[in-house]
There are 2 protein chains.
Amino acid sequence: MTSERTYHHGDLRRALLTAALDVIAAEGPAAVSLRDLARRAGVSHAAPAHHFKDRSGLLTAVAADGYALFADALAGAPDLRERGVAYVRFAATHPAHFQVMFQPDLHRADDPDLLAARARATEALRSGVAGLPPAGRGEDDRLAGVAAWSLAHGFATLLLSGNLADAMAGRDPEEAFRSLAASVFAPEGGRAD
Amino acid sequence: MTSERTYHHGDLRRALLTAALDVIAAEGPAAVSLRDLARRAGVSHAAPAHHFKDRSGLLTAVAADGYALFADALAGAPDLRERGVAYVRFAATHPAHFQVMFQPDLHRADDPDLLAARARATEALRSGVAGLPPAGRGEDDRLAGVAAWSLAHGFATLLLSGNLADAMAGRDPEEAFRSLAASVFAPEGGRAD
DNA sequence: CCCATATCTTGCCATTGACTAGATCGAGCC
DNA sequence: GGCTCGATCTAGTCAATGGCAAGATATGGG
């Protein structure tokens with residue numbers, strides 16, 4: 001698409017990342033091969049090493065990009081419930097990113113970019129939980145935050161692993177999660193978000 | 001351990017599976033290598049192929065074993081909440097199994113043993129949800145089931161990926177989940193399990 | 001005792017990840 | 001224009017892996 005093949009690719013890093021996302025979305029992270037990505041990009045087998053040190057370096061970059069997008073997606077949600085919906089929507093929209101993000105054995109844990117992006121996402125997530133009392137009651141708040149996180153994360157994870165295929169049955173996952181969260185967090189007039 | 005080395009190992013299949021569990025628990029499923037497992041068991045590099053066709057065959061066996069253990073663990077729980085606790089306890093006790101079970105891209109989806117074991121586990125899980133009305137109201141029940149499943153699964157997944165390390169802070173995960181589930185599913189005297 | 005079968009070994013090949021050395025491009029500078 | 005210098009990419013190599021084929025060895029049934 002970038003027309004001619006010159007010695008310098010021009011945007012190899014991005015090309016490799018998008019190719020990686022394709023492979024991951026289609027066959028999972030285990031199917032990612034640096035040489036295959038190089039072939040798809042039309043470069044030599046050693047070219048990726050210059051942008052990402054090694055295989056884990058590439059997956060780390062995928063995770064970092066994912067956390068950056070994730071933070072943006074979460075930041076746009078007004079209240080706690082919509083943040084959960086955004087959580088699920090992100091997983092459904094960026095399955096490849098999501099999978100890699102939450103598989104720590106795939107990336108370098110000490111990568112600065114990854115840590116920074118994850119910190120941003122964590123903050124975006126936490127600010128939705130702690131929005132109730134200025135400096136909440138501690139224990140209970142923390143538990144409530146973990147509960148909300150678990151609910152959204154579990155739904156997203158089960159969705160991506162195909163375990164909700166029959167339960168959803170052609171239904172919109174976002175909408176399903178919205179009503180699900182409603183029934184759980186505000187059963188009969190209790191404290192909602 | 002098994003004293004002498006004869007031509008026939010005696011229990012190679014099990015030896016390979018337990019070695020695989022060690023590797024997965026320590027470094028994740030991606031680090032599993034058939035040749036490495038063979039070395040650990042003291043057999044030649046091609047021996048594993050006779051018990052498990054290939055790498056995905058071995059991981060499929062791990063998943064199948066996991067689902068079998070999982071079904072047993074769930075069956076022992078009296079009510080819905082304890083079933084959730086059992087869910088989390090299983091993940092904490094069998095992290096390697098759990099990881100492989102919920103990564104469909106690692107195993108053969110059409111394996112009969114896997115399907116049978118998973119069906120048992122699914123049934124053990126569902127019977128805890130549908131235990132309320134004989135043939136419940138359909139939509140809401142399904143949603144409630146998905147909600148409970150999502151909560152337990154999300155907690156378990158976040159726990160294994162290390163995302164709850166600081167939130168738990170040396171606390172017992174089981175106990176934390178128990179009180180968490182209590183505060184979510186029965187906030188102020190509503191319908192519990 | 002003998003044979004059929006399951007189990008394990010040896011040998012082999014293609015692919016991959018990772019490393020090294022060298023080629024090519026591009027930008028700044030004189 | 002011609003130069004150097006660094007970034008980018010190529011080519012070549014090596015060890016490790018997965019998977020296959022052919023053969024050796026043990027085990028149990030007849």
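Numbers restart at 1 for each chain; the letters A, B, ... are given by sequence-line order, proteins then strands. Nothing here was measured: the structure is a model prediction, and the numbers come from that model.
Here C:dT10 is the nucleotide among D:dC9, C:dT10, D:dT17 with the atom lying nearest to any side-chain atom of B:Ala46. Proximity note for A:His51 (side chain, C-beta onward) versus C:dT7, D:dT8, C:dT9: the nearest is D:dT8.
Rounded to 10 degrees, the angle separating the terminal axes of the helix from C:dC1-D:dG30 to C:dC30-D:dG1 is 10°, with each axis obtained from five end pairs.
Rounded to a whole Å, the CG atom of B:Leu12 is 16 Å from the P atom of D:dA26. Atom pair B:Leu106:CG and D:dG18:C1' shows a separation of 16 Å (rounding to whole Å applied). When rounded to the nearest whole Å, the span between CZ of B:Arg55 and C1' of C:dT16 equals 13 Å. Spacing between atom CG of B:Leu59 and atom C1' of D:dG19 amounts to 15 Å, rounded to whole angstrom units. To the nearest angstrom, C1' of C:dC19 lies 13 Å from NE2 of A:His50. Counting to the nearest Å, the C1' atom of C:dA18 and the CZ atom of A:Arg108 are 12 Å from each other. Between A:Leu37 atom CG and C:dG17 atom C1' there is a gap of 13 Å when expressed in whole angstrom units.
Checking the phosphate oxygens (OP1, OP2) of C:dC8, no side-chain nitrogen or oxygen of B:Arg13 falls inside 4.0 Å. For the pair A:Lys53 and C:dC19, the criterion of a side-chain N or O lying under 4.0 Å from OP1 or OP2 is met.
With sequence neighbours excluded, the residues that form a side-chain contact (heavy atoms from CB on, under 4.5 Å) with A:Glu174 are A:Val85, A:Arg89, A:Asp172, A:Arg178. By the side-chain hydrogen bond (donor to acceptor under 3.5 Å, both in side chains) test, B:Arg35 is found to be paired with no residue, residues two or more places apart in sequence or in another chain being considered. For A:Ala19, the side-chain contact (heavy atoms from CB on, under 4.5 Å) partners two or more places apart in sequence, or in a different chain, are A:Leu37, A:Arg40. B:Phe52 meets the ring-ring contact (aromatic ring centres under 6.0 Å, His included) test with no other residue; sequence neighbours excluded. Annotation: side-chain contact (heavy atoms from CB on, under 4.5 Å) contacts of A:Ala49 (sequence neighbours excluded): none. By the side-chain contact (heavy atoms from CB on, under 4.5 Å) test, B:Asp105 is found to be paired with A:Pro29, A:Ala30, B:Gln103, residues two or more places apart in sequence or in another chain being considered. Looking at residues two or more places apart in sequence or on another chain, you find a ring-ring contact (aromatic ring centres under 6.0 Å, His included) between A:Phe70 and A:Tyr87, A:Phe90. With sequence neighbours excluded, the residues forming a side-chain hydrogen bond (donor to acceptor under 3.5 Å, both in side chains) with A:Asn163 are A:Ser161, listed by chain and number.
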Audit row: A:Ser127, A:Arg83, side chain to side chain donor-acceptor pair (under 3.5 Å) steps and yes/no: CA-CA 10 Å; A:Ser127 71; A:Arg83 214 162 299 224; 3.2 Å; yes
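Without hydrogens or angle criteria, A:His97 side chain to A:Asp65 main chain gives no donor-acceptor distance under 3.5 Å. Side chain of A:His107 to main chain of A:Val100: a donor-acceptor pair is present (N/O by atom type, distance under 3.5 Å, no hydrogens or angles).
The stretch residues 17-34 of chain B does not touch DNA chain C, since none of its heavy atoms comes less than 4.0 Å from the strand.
Screening residues 42-52 of chain A for side chain to side chain donor-acceptor pair (under 3.5 Å), with sequence neighbours left out, gives no hits.
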Show me the protein contacts with nucleotides 12-14 of chain C, counting only N or O atoms at under 3.5 Å.
none

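If you find the closest nucleotide of DNA chain C to A:Asp36 and to A:Ala49, the one lying nearer the 5' end belongs to A:Asp36.
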